Amino acid sequence: MPTPSPSPSPADSSSSPSAIAPSSVKILLNATEAAPEVLVQGWVRTKRDSKAFSFIEINDGSCLKSIQVVADAVLPNYQSEIVHLHTGAALAVRGELVASQGQGQAWEIVAREVTVYGNADESYPLQKKGHTPEFLRSIAHLRPRSNLFGCVFRVRSRLAYAVHQFFQERGFIYVHTPIITGSDCEGAGEMFRVSLSGGGNGNTNGDGSNTKPGDAKKEPEAAEEFFGRPTFLTVSGQLEGEAFACALSNIYTFGPTFRAENSHTTRHASEFWMIEPEMAFCNLAGDMDLAEEMVKYLVTDTLEHCAGDLELFGKFVDKDLHNRLNFVRERPFARVSYTEAIGILQSSGKTFEYPVAYGLNLQSEHERYLTEQHFKCPVTVHDYPKEIKPFYMRLNDDDKTVAAMDVLVPGIGEIVGGSQREERLDLLEKNLAHYGLDEADYSWYLDLRRYGSVPHAGFGLGFERMLMFVTGVPNIRDVIPFPRVPGWAEF
RNA sequence: UCCUGCGUAGCUCAGCGGUAGAGCGGGUGGCUGUUAACCACUAGGUCGUUGGUUCGAAUCCAACCGCAGGAGCCA
């Protein structure tokens with residue numbers, strides 16, 4: 001990794017910080033003994049001055065905590081630079097790691113040399129005090145420097161690693177399904193059209209506010225299309241994933257997906273990451289087992305590897321976080337059929353805003369009742385009426401339900417949606433016709449049933465929703481580095 | 001897209017018919033092995049925009065804009 005080449009400030013033109021290798025704050029705070037010379041690089045979180053010296057807290061993002069630096073007034077650039085440092089300034093400090101005389105920390109650095117890479121002026125927007133998430137969203141480029149967002153994005157990194165680890169340990173093959181796709185009607189929601197800038201632009205966005213009346217229905221000519229056909233940003237890699245599962249047996253995808261839906265909620269974003277395993281020779285029961293195992297695995301991994309960050313969430317974001325995570329880790333998930341779930345809701349004695357009846361979708365309030373009040377743990381609901389599920393799900397022998405399943409978790413609702421796929425060619429063709437889909441658009445998908453078809457199953461897990469669940473952060477916009485939602489794509 | 005709420009200093013908010021306030025942050029000075037440090041002084045605002053009601057509007061009304069929460073859709 002290349003080290004930045006410091007440009008020494010005029011007041012300290014003597015040298016670069018040192019030839020010694022820098023240590024992260026995390027490593028220094030976990031030291032077991034004092035060290036005569038260490039180098040740390042990071043950003044000023046706070047500074048407290050006295051006449052004879054300053055205390056500077058430096059954070060480098062390696063962990064939640066900052067390290068305290070004692071900068072004596074005899075340092076050559078003390079008056080010219082150090083006393084003028086603001087929160088946000090970038091520094092390198094070379095000095096001695098010693099046991100702290102103060103109460104708040106075990107170790108501190110007595111500075112021998114402080115190199116100011118870049119000061120920050122008084123307009124630096126982050127204060128020591130707490131900020132609202134709304135304000136921090138408006139400075140998405142600076143918010144990773146706050147305690148909360150540093151924790152969120154460290155956990156995000158670890159969680160992504162754990163996803164790969166989970167599947168790789170089990171022999172799943174990672175498949176990169178396309179981001180630009182020609183499949184335009186998977187029933188997964190509105191899509192973003194991909195077009196050349198400056199022309200040939202089809203607006204599939206629903207409201208059509210910018211479309212001239214005469215052009216409202218006009219699709220770009222095929223010749224204008226870069227790909228020779230309409231293309232979109234993917235809403236799911238599932239269909240392509242099925243193709244690979246029908247060759248490599250167990251696969252997973254993990255990548256960005258896009259939805260052009262005009263939803264304004266704390267759980268929806270226009271761009272988000274999804275994990276989609278697909279298993280050949282697998283039925284719905286195996287699918288549910290994997291989903292449950294995975295959720296538990298990710299929760300356990302986070303508890304074991306992100307303890308410091310989770311502490312902050314438990315303290316400031318969600319006081320019940322640790323209870324909930326430990327509960328999910330230890331207890332089996334409840335598992336009920338859709339029919340049973342309807343029965344539970346009907347005999348609950350609760351009055352719901354939306355009606356509960358067989359054949360109707362479970363609403364948010366129903367899902368929340370099941371997981372938060374009735375079972376008080378994650379719930380897998382399976383075997384839904386075929387009418388309320390997409391064309392590719394496998395018809396059960398009762399001819400009324402399909403082999404679908406959703407995992408519901410407290411606080412979030414649906415976190416996993418999956419199914420066993422219809423592997424029988426004739427039934428799949430019937431479904432396409434029933435849903436009004438053109439068989440020609442799915443010829444390659446039907447080929448998977450023509451040649452060596454097998455029972456197979458998979459699911460989709462929203463990565464950000466999982467992240468919300470393990471951190472307790474209540475808004476999806478605060479677990480994505482630069483979130484995209486309707487009307488907002490800054491940065 | 002629908003419903004609800006909120007837009008006052010850099011940030012968080014109070015003021016809710018009579019001419020702009022606090023805390024934090026910033027600046028200056030002081031003090032202290034400090035740790036969301038402390039003490040004193042100080043700068044900082046077309047009260048979201050436009051229009052209306054009124055002798056007078058941050059305050060009441062309307063429209064618009066922005067943000068947030070809930071619903072639907074879903075992950």
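Source: prediction; values computed, not measured. Proteins come first, then strands; the chains are lettered A, B, ... in the order of their sequence lines, and each starts at number 1.
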Query raised in the report: Under 4.0 Å between a side-chain N/O of A:Gln363 and OP1 or OP2 of B:rG72, yes or no?
Result: yes
Query - Atom pair distance, as rounded to whole Å: CZ in A:Phe135 and P in B:rC6 - result: 23 Å
**Report entry** Partner nucleotide of B:rC11 by Watson-Crick or wobble geometry (both distances under 3.5 Å)
**Finding:** B:rG23
Query raised in the report: Looking only at atom P, what distance separates B:rU42 and B:rG33, rounded to whole Å?
Result: 28 Å
Query - Length of the line joining A:Tyr354:OH and B:rC74:C1', which is rounded to integer Å - result: 15 Å
Report task. Quote, to the nearest angstrom, the P distance that separates B:rG17 from B:rA57. Result -> 14 Å
Report summary line: Tested for ring-ring contact (aromatic ring centres under 6.0 Å, His included) against A:Phe463, the lone hit among A:Phe254, A:Phe272, A:Trp273 is A:Phe254
Query raised in the report: How would you label the contact of A:His86 with the nucleic acid (heavy atoms, under 4.0 Å): base, sugar-phosphate, or nothing?
Result: sugar-phosphate
Query raised in the report: How close or far is atom C1' of B:rG33 from atom CG of A:Asp72, stated in whole angstroms?
Result: 12 Å
Query raised in the report: Distance between the C1' atoms of B:rU46 and B:rC41, in whole angstroms?
Result: 29 Å
**Report entry** Inter-nucleotide P distance (B:rU59, B:rA20), Å rounded
**Finding:** 14 Å
Query - Rounded C1' spacing from B:rA9 to B:rG21 in Å - result: 10 Å
Query raised in the report: Do we see a donor-acceptor contact under 3.5 Å between the side chains of A:Thr257 and A:Arg259?
Result: no
Query raised in the report: Can you tell me the Watson-Crick or wobble partner of B:rA68, both distances under 3.5 angstrom?
Result: B:rU4
Query raised in the report: Would one find more than 12 heavy atoms of other residues, nucleotides or ligands at under 6.0 Å from atom CD of A:Glu311?
Result: no
Query raised in the report: Whom does B:rU35 pair with, Watson-Crick or G-U wobble, provided both distances fall under 3.5 Å?
Result: none
**Report entry** Touch class at under 4.0 angstrom, heavy-atom based, for A:Glu365 against every strand present
**Finding:** nothing
Query raised in the report: Between the base of B:rU35 and the side chain of A:Gln105, is there a donor-acceptor distance below 3.5 Å?
Result: yes
Query raised in the report: Using a cut-off of 4.0 Å on non-hydrogen atoms, how would the nucleic acid contact of A:Ser123 be classed: base, sugar-phosphate, or nothing?
Result: nothing
Query - Below 4.0 Å: OP1/OP2 of B:rA71 and any side-chain N or O of A:Arg368 - result: no
**Report entry** G-U wobble or Watson-Crick pairing nucleotide for B:rC74 (cut-off 3.5 Å, both distances)
**Finding:** none
Query raised in the report: Using a cut-off of 4.0 Å on non-hydrogen atoms, how would the nucleic acid contact of A:Thr132 be classed: base, sugar-phosphate, or nothing?
Result: sugar-phosphate
Report task. Find the partner of B:rU54: check Watson-Crick (N1-N3 plus N6-O4 or O6-N4) and G-U wobble (N1-O2, O6-N3) distances, both under 3.5 Å, and reply none if neither fits. Result -> none
Report task. State whether the number of non-hydrogen atoms from other residues, nucleotides or ligands found under 6.0 Å of A:Lys296 atom NZ is greater than 12. Result -> yes
**Report entry** B:rU12 base / A:Gln127 side chain donor-acceptor hit below 3.5 Å
**Finding:** no
Query raised in the report: Under 4.0 Å between a Lys/Arg side-chain N and an Asp/Glu carboxylate O for A:Glu490 and A:Arg137?
Result: no
Query raised in the report: How would you label the contact of A:Tyr124 with the nucleic acid (heavy atoms, under 4.0 Å): base, sugar-phosphate, or nothing?
Result: nothing
Query raised in the report: Between the side chain of A:Asp60 and the main-chain N/O of A:Val25, is any donor-acceptor distance below 3.5 Å?
Result: yes
Requested in this report: Respond yes when some side-chain nitrogen or oxygen of A:His131 is under 4.0 Å from OP1 or OP2 of B:rA36, and no when none is.
Outcome: no
Query raised in the report: With distance as the sole criterion, is a donor-acceptor pair present between the side chains of A:Tyr384 and A:Asp406 under 3.5 Å?
Result: yes
Query raised in the report: Whole-Å distance between B:rC31 C1' and A:Phe53 CZ?
Result: 12 Å
Query raised in the report: Taking a pair as Watson-Crick or G-U wobble with both distances under 3.5 Å, which nucleotide is matched to B:rA43?
Result: none
**Report entry** A:Arg48 side chain near B:rU35 phosphate (N/O to OP1/OP2, under 4.0 Å)
**Finding:** no
Query raised in the report: With a non-hydrogen cut-off below 4.0 angstrom, is A:Phe55 in contact with a base, only sugar-phosphate, or nothing?
Result: base
Query raised in the report: When all nucleic acid strands are considered with a 4.0 Å heavy-atom cut-off, which category describes A:Asp49: base, sugar-phosphate, or nothing?
Result: base
Query raised in the report: Relative to the 5' end of RNA chain B, which residue comes earlier, A:Thr46 or A:Ile412, by the nucleotide with the nearest heavy atom?
Result: A:Thr46
**Report entry** Side chain A:Gln68 and base B:rU34 donor-acceptor under 3.5 Å
**Finding:** yes
Report task. Give one of base, sugar-phosphate or nothing for A:Asn475, where a contact means two heavy atoms less than 4.0 Å apart. Result -> sugar-phosphate
**Report entry** Under 4.0 angstrom between A:Arg45 side-chain N/O and B:rA36 OP1 or OP2
**Finding:** no
Query raised in the report: Contact class for A:Glu108 (heavy atom, under 4.0 Å): base, sugar-phosphate, or nothing?
Result: base
Query raised in the report: A:Glu353 near the nucleic acid: base, sugar-phosphate alone, or nothing, with a heavy-atom cut-off under 4.0 Å?
Result: nothing
Query raised in the report: What nucleic acid atoms does A:Ile415 come within less than 4.0 Å of, heavy atoms only: base, sugar-phosphate, or nothing?
Result: sugar-phosphate
Report task. Using the P atom as the reference point in each nucleotide, state the distance between B:rU49 and B:rC11 in Å, no decimals. Result -> 15 Å
**Report entry** Presence of A:Ser50 side-chain N/O under 4.0 Å of B:rC31 phosphate oxygens OP1/OP2
**Finding:** no
Query - Rounded P spacing from B:rC47 to B:rA40 in Å - result: 31 Å
Query - Check ion pair A:Glu292-A:Arg335 (N to O, under 4.0 angstrom) - result: yes
Query raised in the report: Roughly, in whole Å, what's the span from NZ in A:Lys51 to P in B:rG29?
Result: 12 Å
Report task. Fit a plane to each ring of A:Tyr369 and A:His374, take the angle between them on a 0 to 90° scale, and name the class: parallel (under 30°), tilted (30 to 60°) or perpendicular (over 60°). Result -> tilted
Query raised in the report: Do the side-chain N or O atoms of A:Arg267 get closer than 4.0 angstrom to the phosphate oxygens (OP1, OP2) of B:rG69?
Result: no
**Report entry** Distance between P atoms of B:rA36 and B:rG25 (Å, rounded)
**Finding:** 12 Å
Query - Atom-pair distance (NZ on A:Lys47; P on B:rU32), nearest Å - result: 17 Å
Report task. Please determine if a side-chain N or O atom of A:Ser263 lies less than 4.0 Å away from the OP1 or OP2 oxygen of B:rU1. Result -> no
Report task. Under 4.0 Å between any heavy atoms, over every strand shown, what does A:Ala269 touch: base, sugar-phosphate, or nothing? Just pick one. Result -> base
Report task. Hey, can you tell me if A:Phe491 and A:Phe482 have their rings parallel, tilted or perpendicular (30° and 60° cut-offs)? Result -> tilted
Query raised in the report: Base, sugar-phosphate alone, or nothing: which one does A:Glu134 contact when heavy atoms must sit under 4.0 Å apart?
Result: sugar-phosphate
Query - Atom-to-atom span, CZ of A:Arg137 to P of B:rG66 - whole angstrom - result: 17 Å
Report task. Can you tell me the distance, in whole Å, between the NE2 atom of A:His84 and the C1' atom of B:rG27? Result -> 12 Å
